[in-house]
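What follows is one structure encoded as C-alpha coordinates, with my remarks underneath.
The sequence lines fix the lettering, A, B, ..., with proteins before strands; numbering per chain opens at 1.
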Amino acid sequence: MQFPPLHEWPTTEEAAVALQNELAARVDTSAPVGAIELIAGCDIAYHLTEPRLFAAVVVLKASDLSVVEECTVTREVTFPYVPGLLSFREIPALLAAFGELLRAPGAVMLDGQGIAHPRRFGLACHLGLWLDLPCVGCAKSWLVGDHTEPGPNAGEATPLSLNGETVGAVVRSATGVKPVFVSPGHKIDVGSATQLVRATLSGYRHPAPTRAAHMAANRLRMEFGV
DNA sequence: GCGACAG
DNA sequence: ATCTTGTCGC
(Lines give C-alpha, C1' and ligand atoms only; values in the text may rest on other atoms or scores of the structure.)
Protein backbone atom coordinates (compact mmCIF):
# COMPACT_ATOMS: atom_id res chain seq x y z
CA MET A 1 0.00 0.00 0.00
CA GLN A 2 1.06 3.58 -0.57
CA PHE A 3 0.68 6.68 1.58
CA PRO A 4 2.04 10.25 1.45
CA PRO A 5 4.61 11.46 4.01
CA LEU A 6 3.04 13.10 7.03
CA HIS A 7 6.08 14.89 8.41
CA GLU A 8 9.85 14.88 8.82
CA TRP A 9 11.29 12.87 11.70
CA PRO A 10 12.37 14.94 14.73
CA THR A 11 15.75 14.28 16.29
CA THR A 12 15.22 15.60 19.79
CA GLU A 13 12.65 14.80 22.45
CA GLU A 14 11.56 18.43 22.57
CA ALA A 15 10.84 18.47 18.85
CA ALA A 16 8.99 15.17 19.12
CA VAL A 17 6.75 16.47 21.89
CA ALA A 18 6.02 19.62 19.93
CA LEU A 19 5.09 17.54 16.89
CA GLN A 20 2.77 15.38 18.99
CA ASN A 21 0.90 18.41 20.27
CA GLU A 22 0.58 19.65 16.71
CA LEU A 23 -0.59 16.35 15.21
CA ALA A 24 -2.91 15.51 18.08
CA ALA A 25 -5.32 18.13 16.76
CA ARG A 26 -5.78 16.12 13.56
CA VAL A 27 -6.78 12.90 15.32
CA ASP A 28 -10.39 11.90 14.90
CA THR A 29 -11.97 9.39 17.27
CA SER A 30 -15.51 10.68 16.98
CA ALA A 31 -17.16 8.12 14.74
CA PRO A 32 -17.65 4.37 14.79
CA VAL A 33 -16.16 2.32 11.98
CA GLY A 34 -18.15 0.31 9.45
CA ALA A 35 -17.73 -3.34 8.51
CA ILE A 36 -14.11 -4.37 8.08
CA GLU A 37 -12.91 -7.14 5.75
CA LEU A 38 -9.19 -7.05 6.43
CA ILE A 39 -7.55 -6.13 9.70
CA ALA A 40 -3.81 -5.74 10.09
CA GLY A 41 -1.83 -6.36 13.25
CA CYS A 42 1.69 -5.01 13.65
CA ASP A 43 4.46 -5.25 16.20
CA ILE A 44 8.18 -4.80 16.80
CA ALA A 45 10.82 -7.15 18.21
CA TYR A 46 14.25 -5.93 19.31
CA HIS A 47 17.72 -7.31 18.68
CA LEU A 48 19.34 -8.58 21.88
CA THR A 49 22.65 -6.79 21.60
CA GLU A 50 22.55 -4.37 18.70
CA PRO A 51 20.42 -1.26 18.15
CA ARG A 52 18.26 -3.01 15.59
CA LEU A 53 14.56 -3.79 15.44
CA PHE A 54 12.31 -6.10 13.48
CA ALA A 55 8.90 -4.93 12.30
CA ALA A 56 6.07 -7.16 11.20
CA VAL A 57 2.61 -6.49 9.82
CA VAL A 58 0.17 -9.33 9.33
CA VAL A 59 -3.13 -8.94 7.54
CA LEU A 60 -6.00 -11.17 8.61
CA LYS A 61 -9.47 -11.71 7.20
CA ALA A 62 -11.82 -10.30 9.82
CA SER A 63 -14.43 -12.97 9.17
CA ASP A 64 -12.35 -15.98 10.22
CA LEU A 65 -9.08 -14.41 11.37
CA SER A 66 -7.12 -16.33 8.75
CA VAL A 67 -3.83 -14.79 7.59
CA VAL A 68 -3.88 -13.41 4.07
CA GLU A 69 -0.63 -11.48 3.93
CA GLU A 70 2.50 -10.80 5.92
CA CYS A 71 5.39 -8.35 5.55
CA THR A 72 8.48 -7.97 7.72
CA VAL A 73 11.43 -5.63 7.66
CA THR A 74 14.47 -4.92 9.83
CA ARG A 75 15.84 -1.46 10.59
CA GLU A 76 18.34 0.21 12.83
CA VAL A 77 17.01 1.90 15.95
CA THR A 78 17.02 5.67 15.44
CA PHE A 79 15.24 6.98 18.52
CA PRO A 80 15.61 6.09 22.23
CA TYR A 81 12.81 4.61 24.29
CA VAL A 82 11.10 7.41 26.14
CA PRO A 83 7.72 6.85 27.79
CA GLY A 84 5.25 8.91 25.80
CA LEU A 85 7.42 9.00 22.67
CA LEU A 86 7.31 5.35 21.67
CA SER A 87 5.95 6.06 18.21
CA PHE A 88 9.08 7.90 17.12
CA ARG A 89 11.04 4.75 17.83
CA GLU A 90 8.77 2.18 16.19
CA ILE A 91 6.78 3.86 13.42
CA PRO A 92 9.52 4.35 10.81
CA ALA A 93 10.05 0.59 10.57
CA LEU A 94 6.32 -0.13 10.67
CA LEU A 95 5.75 2.24 7.77
CA ALA A 96 8.40 0.43 5.74
CA ALA A 97 6.58 -2.83 6.36
CA PHE A 98 3.18 -1.37 5.47
CA GLY A 99 4.70 0.03 2.32
CA GLU A 100 5.30 -3.49 1.05
CA LEU A 101 1.74 -4.59 1.64
CA LEU A 102 -0.13 -5.51 -1.54
CA ARG A 103 -3.56 -4.62 -0.22
CA ALA A 104 -4.49 -1.91 2.25
CA PRO A 105 -6.35 -3.26 5.32
CA GLY A 106 -9.59 -1.75 6.60
CA ALA A 107 -8.16 -1.26 10.08
CA VAL A 108 -4.94 -1.68 12.05
CA MET A 109 -4.26 -2.95 15.57
CA LEU A 110 -1.02 -2.62 17.49
CA ASP A 111 0.71 -3.00 20.87
CA GLY A 112 0.55 0.42 22.42
CA GLN A 113 -1.82 3.23 23.35
CA GLY A 114 -4.11 5.34 21.20
CA ILE A 115 -5.53 8.52 22.75
CA ALA A 116 -4.93 7.11 26.24
CA HIS A 117 -1.75 9.13 26.24
CA PRO A 118 -0.40 12.20 28.12
CA ARG A 119 -0.83 14.35 25.00
CA ARG A 120 -3.56 12.17 23.53
CA PHE A 121 -1.21 11.02 20.80
CA GLY A 122 -0.09 7.46 21.35
CA LEU A 123 1.42 5.06 18.84
CA ALA A 124 -1.96 4.16 17.36
CA CYS A 125 -2.79 7.81 16.70
CA HIS A 126 0.51 8.45 15.02
CA LEU A 127 0.32 5.39 12.77
CA GLY A 128 -3.34 6.02 12.00
CA LEU A 129 -2.53 9.51 10.80
CA TRP A 130 0.34 8.32 8.61
CA LEU A 131 -1.69 5.54 7.01
CA ASP A 132 -4.97 7.43 7.10
CA LEU A 133 -6.62 4.24 8.35
CA PRO A 134 -8.70 3.30 11.40
CA CYS A 135 -6.16 2.32 14.04
CA VAL A 136 -6.63 0.76 17.47
CA GLY A 137 -4.17 0.62 20.33
CA CYS A 138 -4.17 -2.49 22.51
CA ALA A 139 -1.47 -2.09 25.16
CA LYS A 140 -0.37 -4.63 27.73
CA SER A 141 0.09 -2.09 30.48
CA TRP A 142 -1.18 1.15 31.87
CA LEU A 143 0.12 4.53 30.78
CA VAL A 144 -2.50 7.09 31.85
CA GLY A 145 -6.09 7.25 33.05
CA ASP A 146 -8.31 5.92 35.81
CA HIS A 147 -10.14 2.61 35.78
CA THR A 148 -11.44 -0.26 37.85
CA GLU A 149 -10.68 -3.93 37.40
CA PRO A 150 -12.82 -5.58 34.69
CA GLY A 151 -14.70 -8.81 35.42
CA PRO A 152 -12.96 -12.19 35.25
CA ASN A 153 -14.50 -13.43 32.01
CA ALA A 154 -13.05 -12.93 28.54
CA GLY A 155 -14.63 -9.90 26.88
CA GLU A 156 -15.58 -8.05 30.05
CA ALA A 157 -14.42 -4.46 30.18
CA THR A 158 -14.43 -1.27 32.23
CA PRO A 159 -13.97 2.30 31.00
CA LEU A 160 -10.61 4.03 31.01
CA SER A 161 -11.04 7.71 31.75
CA LEU A 162 -8.75 10.69 31.45
CA ASN A 163 -9.72 14.15 32.65
CA GLY A 164 -13.31 13.06 33.03
CA GLU A 165 -13.52 11.71 29.51
CA THR A 166 -13.68 8.06 28.45
CA VAL A 167 -10.63 7.52 26.27
CA GLY A 168 -10.65 3.76 26.12
CA ALA A 169 -11.41 0.50 27.90
CA VAL A 170 -9.63 -2.01 30.08
CA VAL A 171 -10.49 -5.36 28.54
CA ARG A 172 -10.12 -8.86 29.86
CA SER A 173 -8.88 -10.40 26.61
CA ALA A 174 -8.94 -13.95 27.98
CA THR A 175 -9.92 -15.63 31.21
CA GLY A 176 -7.15 -15.73 33.76
CA VAL A 177 -4.91 -13.05 32.24
CA LYS A 178 -4.15 -9.45 33.11
CA PRO A 179 -6.41 -7.09 31.11
CA VAL A 180 -5.23 -5.06 28.10
CA PHE A 181 -5.68 -1.32 27.66
CA VAL A 182 -7.64 -0.48 24.54
CA SER A 183 -7.95 3.01 23.10
CA PRO A 184 -8.73 4.33 19.62
CA GLY A 185 -5.91 5.85 17.62
CA HIS A 186 -7.60 7.47 14.64
CA LYS A 187 -10.70 7.19 12.45
CA ILE A 188 -12.51 5.03 15.02
CA ASP A 189 -14.25 5.73 18.32
CA VAL A 190 -13.89 4.10 21.73
CA GLY A 191 -16.89 1.83 21.23
CA SER A 192 -15.78 0.47 17.86
CA ALA A 193 -12.20 0.08 19.04
CA THR A 194 -13.37 -2.03 21.94
CA GLN A 195 -15.68 -4.05 19.71
CA LEU A 196 -12.89 -4.71 17.25
CA VAL A 197 -10.70 -6.07 20.01
CA ARG A 198 -13.56 -8.18 21.30
CA ALA A 199 -14.24 -9.50 17.80
CA THR A 200 -10.65 -10.66 17.38
CA LEU A 201 -9.98 -12.27 20.74
CA SER A 202 -7.92 -15.40 20.22
CA GLY A 203 -8.08 -17.22 23.51
CA TYR A 204 -4.75 -15.69 24.46
CA ARG A 205 -3.91 -12.39 26.08
CA HIS A 206 -3.32 -10.70 22.71
CA PRO A 207 -6.05 -10.41 20.07
CA ALA A 208 -5.35 -12.44 16.90
CA PRO A 209 -3.93 -9.55 14.80
CA THR A 210 -1.38 -8.30 17.30
CA ARG A 211 -0.57 -11.84 18.40
CA ALA A 212 0.20 -12.92 14.85
CA ALA A 213 2.36 -9.84 14.32
CA HIS A 214 4.22 -10.41 17.57
CA MET A 215 5.09 -13.94 16.51
CA ALA A 216 6.10 -12.85 13.00
CA ALA A 217 8.43 -10.16 14.38
CA ASN A 218 10.10 -12.65 16.71
CA ARG A 219 10.43 -15.17 13.91
CA LEU A 220 12.27 -12.61 11.78
CA ARG A 221 14.54 -11.82 14.71
CA MET A 222 15.46 -15.49 15.03
CA GLU A 223 16.10 -15.86 11.31
CA PHE A 224 18.35 -12.83 11.51
CA GLY A 225 20.49 -14.32 14.22
CA VAL A 226 19.42 -13.52 17.74
C1' DG B 1 4.24 13.02 52.12
C1' DC B 2 4.85 10.62 47.72
C1' DG B 3 2.85 7.43 44.49
C1' DA B 4 1.34 3.76 38.45
C1' DC B 5 5.23 6.29 32.70
C1' DA B 6 3.19 2.07 26.28
C1' DG B 7 7.59 -1.04 23.92
C1' DA C 1 11.50 -4.64 24.59
C1' DT C 2 14.81 -8.58 26.55
C1' DC C 3 17.02 -12.37 29.80
C1' DT C 4 15.19 -16.90 32.64
C1' DT C 5 13.49 -22.63 35.05
C1' DG C 6 10.35 -24.67 36.83
C1' DT C 7 5.71 -25.25 37.64
C1' DC C 8 0.65 -25.26 37.59
C1' DG C 9 -3.52 -26.49 35.08
C1' DC C 10 -6.32 -28.05 31.06
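- Taking the six-membered ring for Trp and thresholds of 30 and 60 degrees, A/Phe54 and A/His47 have nearly parallel ring planes, at less than 30 degrees apart.
- Using cut-offs of 30° and 60° for the angle between ring planes, the A/His7 and A/Phe88 rings count as tilted.
- Here the nucleotide nearest the side chain of A/Arg89, chosen from B/dG7, B/dC5, C/dT2, is B/dG7.
- When heavy atoms are screened at a 4.0 angstrom cut-off, A/Ala116 is found touching no nucleic acid atom at all.
- Straight-line distance from the OH atom of A/Tyr46 to the P atom of C/dC3: 14 Å, rounded to whole Å.
- In plain terms, the two heavy atoms of A/Val180 and A/Arg205 that are nearest each other are CG1-O, 3.8 Å.
- By the criterion of a centre-to-centre distance under 5.5 Å and near-parallel planes under 30°, the ring of A/Trp142 forms a stack with the base of B/dA4.
- The CD atom of A/Gln20 sits 13 Å away from the C1' atom of B/dC5 (whole-angstrom rounding).
- In summary, of the residues considered (A/Val182, A/Leu110, A/Val171), a side chain to side chain contact (heavy atoms under 4.5 Å, CB included) with A/Cys138 occurs for A/Val182 alone.
- For B/dC5, neither phosphate oxygen OP1 nor OP2 lies less than 4.0 angstrom from any side-chain nitrogen or oxygen of A/Ser141.
- Rounded to an integer number of Å, the gap from A/Leu123 CG to B/dC5 C1' is 15 Å.
- When rounded to the nearest whole Å, the span between CZ of A/Arg120 and C1' of B/dC5 equals 18 Å.
- Contact check on A/Lys178 versus A/Glu149 returns no salt bridge, with no Lys/Arg side-chain nitrogen under 4.0 Å from an Asp/Glu carboxylate oxygen.
- For the pair A/Glu156 and A/Arg172, the salt-bridge criterion is not met [side-chain N within less than 4.0 Å of a carboxylate O].
- Whole-Å rounding puts the A/Leu85 CG to B/dC5 C1' distance at 11 Å.
- Distance from the side chain of A/Leu48 is smallest to C/dC3 among B/dG7, C/dC3, B/dA4.
- Within the nucleic acid shown, A/Ile91 has no heavy atom closer than 4.0 Å to any nucleic acid atom.
- Residue A/Arg52 is out of contact with every strand shown, counting any heavy-atom pair closer than 4.0 Å.
- A/Glu90 has no carboxylate O lying under 4.0 Å from a charged side-chain N of A/Arg75, or vice versa, which leaves the two without a salt bridge.
- Remark: the A/Asp111 side chain and the A/Thr210 side chain contain an N/O donor-acceptor pair separated by less than 3.5 Å.
- What separates NZ of A/Lys140 from C1' of C/dA1 is a distance of 8 Å, to the nearest Å.
- To the nearest angstrom, P of C/dA1 lies 9 Å from CG of A/Asn218.
- Residue contacts for A/His117: at a heavy-atom cut-off of 4.0 Å it reaches a base atom on one of the strands shown.
- Residues of residues 174-190 of chain A that place a heavy atom closer than 4.0 Å to DNA chain C do not occur.
- Using a 4.0 Å heavy-atom cutoff across all strands shown, A/Leu86 reaches at least one base atom of the nucleic acid.
- A straight line from CZ of A/Phe121 to P of B/dC5 spans 23 Å, rounded to a whole angstrom.
- Within the structure, a side-chain polar atom (N or O) of A/Arg221 is placed less than 4.0 Å from OP1 or OP2 of C/dT2.
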